[in-house]
Amino acid sequence: MPQVRTRFAPSPTGYLHIGGVRTALFCWLFAKANGGQFILRIDDTDEARNIEAALAPILHGFRWLGIDWDEGPEVGGPHAPYFQSQRKDRYRECVAQLLDCGAAYRDYARPEEIQAEREAAQKEKRPFLYSRQWMAESLQDAAAWEADGREGVVRMKMPREGKCEFTDLVRGDVAFDWAKEQDTVIQRADGSFIYHLASVVDDHDFEISHVIRAEEHLSNTPRQIFIAQSLGFDLPQYAHLPYVAEPGSKSKLSKRKLDKYLKNGDFAKVMQHGEAIARRIHVPITPETFNPVIVDFYEQVGYLPQAIVNYLMLLGWSLDDKTEFFNREQMLESFTLERVTKAPASFDAKKLWAFQDHYMGEFPLKQKIPPMIGYLQKARLISDPPPCDVGPTLTRIVEAAGDRIKVMGDVLDYADTFYQPDDAFDYDEQAFAKRVEKQGAADLLAEFRERLAAIDDWNVQTLEAALQRFIEEKQIKIGEIIHSIRVATTGKGVGIGLYDCLDILGKESTLARIDRSLAKAASA
RNA sequence: GCCCCCUUCGUCUAGUGGCCUAGGACAUCGGAUUCUCAGUCCGAAGACAGGGGUUCGACUCCCCUAGGGGGUACCA
């Protein structure tokens, strides 16, 4: 096989769409699995103003996911520039060549005139084909029409017989009638260039061997093939991927329909969970920047990139009937286009969550600590720079929390109380009412507080022993006391194991917190 | 309207004529374990879009219908 080169061509929109990443991932995977290169090209044909700013989050997102590019923005490469906005001279040259060889023509029809022909055809239920009435056969034609105030566009003079046949690496053999293909515009009246022309020229110039893109381009392929062939280019291999569909439907996933997706329970849960974290770390929550259709959402909330990549890889691809987890090497070893599915796959935020759960579980404790310190800082629970003793304590907390922490941001829920002052930590009032203010609970708590006060050697074992002895003497079940201790010392109804909790807190804090809670209960 | 593509449990999928009374995963629902929560273990329920062919035999091949999606743009 000749050198494999694939490309992904994002538009600088300011955000990285989850569906776009999936397509890019497959391009990257295919290139890397075949010892090739992955190129990033920027589709900024329409006069985008602030390209740099709109591009930054996209490049950042790719890097975060570990999808690195061999050529493109910021890294350059032998075919630079990789921005369509900077390649207009080249497109102009190609249009001239197309005009010269007769594959394209200048057309002076007004949009209304084309529209009228189209409607007439539809009325008669026959396929529309432009009459080429305003096709300039000569310079004189052109001059005359221009004098008439008409504006010219450049159209491809598509073949009107035969079939366009090609083999798609995902779809198999596909065929289109040439006669059904419109004389597509390649250059607008204002001189700007249409995507199809730019794309074909770029793919050729950048030596792209495999055009892997979303299936919405399948129907566009014949016209691109014609443009490429007319320019004398060798054709790349094509592979059209099914698009990523919205939760619970087969429509294409779109950033704009967030409201609709939030009606889906699983999607809503993931969103709410993310929002709760975002609020605590002061990340603005707007549909434009913060929602589960955008990759940045996951980075903010603290998902692991490998979870996202693994999930996305399995959206429209599978190795067999069993294998679910792939590390980098396994991905590259097993990825093939042949095993890409043909039908669209809906995005299931809950399943992504399950992958996150898995990868978080095997992520080394030590490596969790630095990012988690970041969350504590952003939530203003600790200073920046962090106090030097934060590491060991946080490690104990995180270890005790175990797999309760699903994403990095969850650390806030389990650690916050340990970083708040004994006289000012927050209470979950509902839990407090249920467990501390309950009949008799405060008395038991007060009694057990004295047992705690008597412990000299404060550790998990002695704490557990003390509580066990206490419930035996009192002839009560552990459930009758343990919850009130938890709420009294942490303010929360749920949390890490109680003995770990008290040990981390230390004797002094534990007693102070119980006292504060008893006072609070008494005053209620 | 015309052209093209697609269609297996709620979701992601395995399945290339007999291995399928259709397998796995997520979600769901039970039950067990546990100091809460999370987890873990065990179990249950759940699909070949419909109709015709072809064949000894069809989830697998062919045709039709329906549904979904895309294209038909001086959008990408």
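Within every chain, numbering begins at 1; the chains are lettered A, B, ... in the order of the sequence lines, protein sequences first and strands thereafter.
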For this session: Grab the CE-P distance between A:M156 and B:U72 for me, whole Å please.
Result: 16 Å
Exercise. Which of the following nucleotides, B:C74, B:G39, B:U13, is nearest to the side chain of A:V153?
Worked result: B:C74
Exercise. Between A:D413 and A:R404, does at least one N-O distance fall below 4.0 Å, as a salt bridge requires?
Worked result: no
Exercise. Base, sugar-phosphate alone, or nothing: which one does A:Q182 contact when heavy atoms must sit under 4.0 Å apart?
Worked result: sugar-phosphate
For this session: Determine the Euclidean distance between corresponding P atoms of B:G71 and B:G31; express it in Å to zero decimal places.
Result: 50 Å
For this session: Please tell me which of the listed nucleotides, B:A76, B:G39, B:U72, lies nearest to the side chain of A:R118?
Result: B:U72
For this session: Look at the aromatic rings of A:F325 and A:H358 and report parallel, tilted or perpendicular, splitting at 30° and 60°.
Result: parallel
For this session: In whole angstrom, give me the gap between the C1' atoms of B:C26 and B:A47.
Result: 16 Å
Exercise. How would you label the contact of A:H240 with the nucleic acid (heavy atoms, under 4.0 Å): base, sugar-phosphate, or nothing?
Worked result: nothing
Problem set entry | Watson-Crick/G-U partner (both atom distances under 3.5 Å) of B:A22 | none
For this session: Return the value, rounded to whole Å, for the distance between atom CD of A:E117 and atom C1' of B:A73.
Result: 15 Å
For this session: In whole angstrom, give the distance that lies between atom CD1 of A:I114 and atom C1' of B:U72.
Result: 13 Å
For this session: Would you kindly check whether a donor in the side chain of A:R171 faces an acceptor in the base of B:C5, or vice versa, at under 3.5 angstrom?
Result: no
For this session: Kindly indicate whether the side chain of A:Y414, heavy atoms from C-beta on, has any atom under 4.5 Å from the side chain of A:C501.
Result: no
Problem set entry | Pair A:F425 + A:Y427: ring centers closer than 6.0 Å | yes
For this session: Would you kindly check whether a donor in the side chain of A:S251 faces an acceptor in the base of B:G69, or vice versa, at under 3.5 angstrom?
Result: no
Problem set entry | A:T341 side-chain N/O to B:U13 phosphate OP1/OP2 under 4.0 Å | yes
For this session: Hey, which sits more toward the 5' end of RNA chain B by its nearest nucleotide, A:I478 or A:F347?
Result: A:F347
Exercise. Touch check for A:A189, heavy atoms < 4.0 angstrom, all strands: base, sugar-phosphate only, or nothing?
Worked result: base
For this session: For A:K492, report the nucleic acid contact type (base, sugar-phosphate, nothing); a contact means any heavy atom under 4.0 Å.
Result: nothing
For this session: Assign A:Y243 to base, sugar-phosphate, or nothing according to its heavy-atom contacts below 4.0 angstrom with the strands shown.
Result: sugar-phosphate
Exercise. Among the nucleotides B:U36, B:G39, B:G71, which one has an atom lying closest to any side-chain atom of A:K406?
Worked result: B:G39
Exercise. Any side-chain N or O of A:S346 less than 4.0 Å from the OP1 or OP2 oxygen of B:C12?
Worked result: yes
For this session: Please state whether the rings of A:Y130 and A:Y105 are parallel, tilted or perpendicular, taking 30° and 60° as the class boundaries.
Result: parallel
For this session: For nucleotides B:C5 and B:U65, find the distance between their P atoms and express it as a whole number of Å.
Result: 15 Å
Problem set entry | Rounded distance in Å between the P positions of B:U13 and B:C6 | 15 Å
Problem set entry | Sugar-phosphate only, base, or nothing, as touched by A:G265 at under 4.0 Å among non-hydrogen atoms | nothing
Exercise. How are the rings of A:F62 and A:F8 set relative to one another: parallel (under 30°), tilted (30 to 60°) or perpendicular (over 60°)?
Worked result: perpendicular
For this session: Rounded to whole angstrom, note down the P distance from B:G69 over to B:A76.
Result: 23 Å
Problem set entry | Among A:E216, A:R213, A:R171, A:K342, the one residue meeting side chain to side chain donor-acceptor pair (under 3.5 Å) with A:H240 | A:R213
Exercise. A:F26 and A:F335: aromatic ring centres closer than 6.0 Å?
Worked result: yes
Exercise. Is A:G479 touching bases, backbone alone, or none of the nucleic acid, heavy atoms closer than 4.0 Å?
Worked result: nothing
Exercise. Base, sugar-phosphate alone, or nothing: which one does A:I496 contact when heavy atoms must sit under 4.0 Å apart?
Worked result: base
Exercise. Under 4.0 Å between a Lys/Arg side-chain N and an Asp/Glu carboxylate O for A:K351 and A:D348?
Worked result: no
Exercise. Does B:G67 have a Watson-Crick or wobble mate here (both distances under 3.5 Å), and if so which one?
Worked result: B:C6
Problem set entry | Inter-nucleotide C1' distance (B:C56, B:G23), Å rounded | 27 Å
Exercise. In whole angstrom, what separates A:K252's NZ from B:G69's P?
Worked result: 12 Å
Exercise. Just checking A:L315: base, sugar-phosphate only, or nothing, at a heavy-atom cut-off of under 4.0 Å?
Worked result: sugar-phosphate
Problem set entry | Touch class at under 4.0 angstrom, heavy-atom based, for A:R155 against every strand present | sugar-phosphate
For this session: Check every atom of B:A73, B:C75, B:U11 against the side chain of A:I194 and return the nucleotide holding the closest atom.
Result: B:C75
For this session: Taking only the side-chain nitrogens and oxygens of A:R339, find out if one of them lies under 4.0 Å from OP1 or OP2 of B:G15.
Result: yes
Seminar exercise, completed: Checking B:A76, B:C35, B:C12 against the side chain of A:E216 (C-beta onward), the nearest is B:A76
Problem set entry | Side chain of A:Y414 - closest among B:U7, B:A76, B:C37 | B:C37
For this session: Go through B:U72, B:U7, B:A76 for me and flag the one nearest to the A:H217 side chain.
Result: B:A76
Exercise. Can you tell me the Watson-Crick or wobble partner of B:G1, both distances under 3.5 angstrom?
Worked result: B:U72
Problem set entry | Heavy-atom donor-acceptor pair, A:R223 side-chain to B:U72 base, under 3.5 Å | no
Exercise. Does A:N264 reach the side chain of A:E246, with side-chain heavy atoms less than 4.5 Å apart?
Worked result: no
Problem set entry | Under-4.0 Å salt bridge between A:R396 and A:D500 | yes
Seminar exercise, completed: Protein heavy-atom contacts under 4.0 Å, written 5' to 3' over nucleotides 19-32 of chain B as B (base), S (sugar-phosphate only) or - (none), form the string ----BSBSS-----
For this session: Please determine if a side-chain N or O atom of A:S11 lies less than 4.0 Å away from the OP1 or OP2 oxygen of B:A76.
Result: no
For this session: Check whether any side-chain nitrogen or oxygen of A:R404 sits under 4.0 Å from OP1 or OP2 of B:G39, and answer yes or no.
Result: no
For this session: Nearest whole angstrom, please: distance from the C1' of B:C3 to the NZ of A:K163.
Result: 10 Å
Problem set entry | Pairing partner (Watson-Crick or G-U wobble, both distances under 3.5 angstrom) of B:U40 | B:A32
Exercise. Just how far, in rounded Å, is P of B:G71 from CG of A:N220?
Worked result: 7 Å
Exercise. Counting heavy atoms not belonging to A:E161, are there more than 12 under 6.0 Å from its CD?
Worked result: no
Exercise. Taking the same atom, C1', in B:C9 and in B:G46, what whole-Å distance lies between them?
Worked result: 5 Å
For this session: Identify, between A:L319 and A:D403, the residue whose nearest nucleotide on RNA chain B lies closer to the 5' end.
Result: A:L319
Exercise. Which is true for A:A245 with a 4.0 Å heavy-atom rule: it touches a base, it touches only sugar-phosphate, or it touches nothing?
Worked result: nothing
Problem set entry | Any-strand Watson-Crick or G-U partner of B:U60, both distances under 3.5 Å | none
Exercise. Taking atom P in both B:G10 and B:A49, what distance in whole Å separates the two?
Worked result: 12 Å
Seminar exercise, completed: note: A:R160, atom CZ; B:C2, atom C1'; distance rounded to Å ~ 15 Å
Exercise. Between atom CZ in A:F267 and atom P in B:U11, what is the gap in whole Å?
Worked result: 17 Å
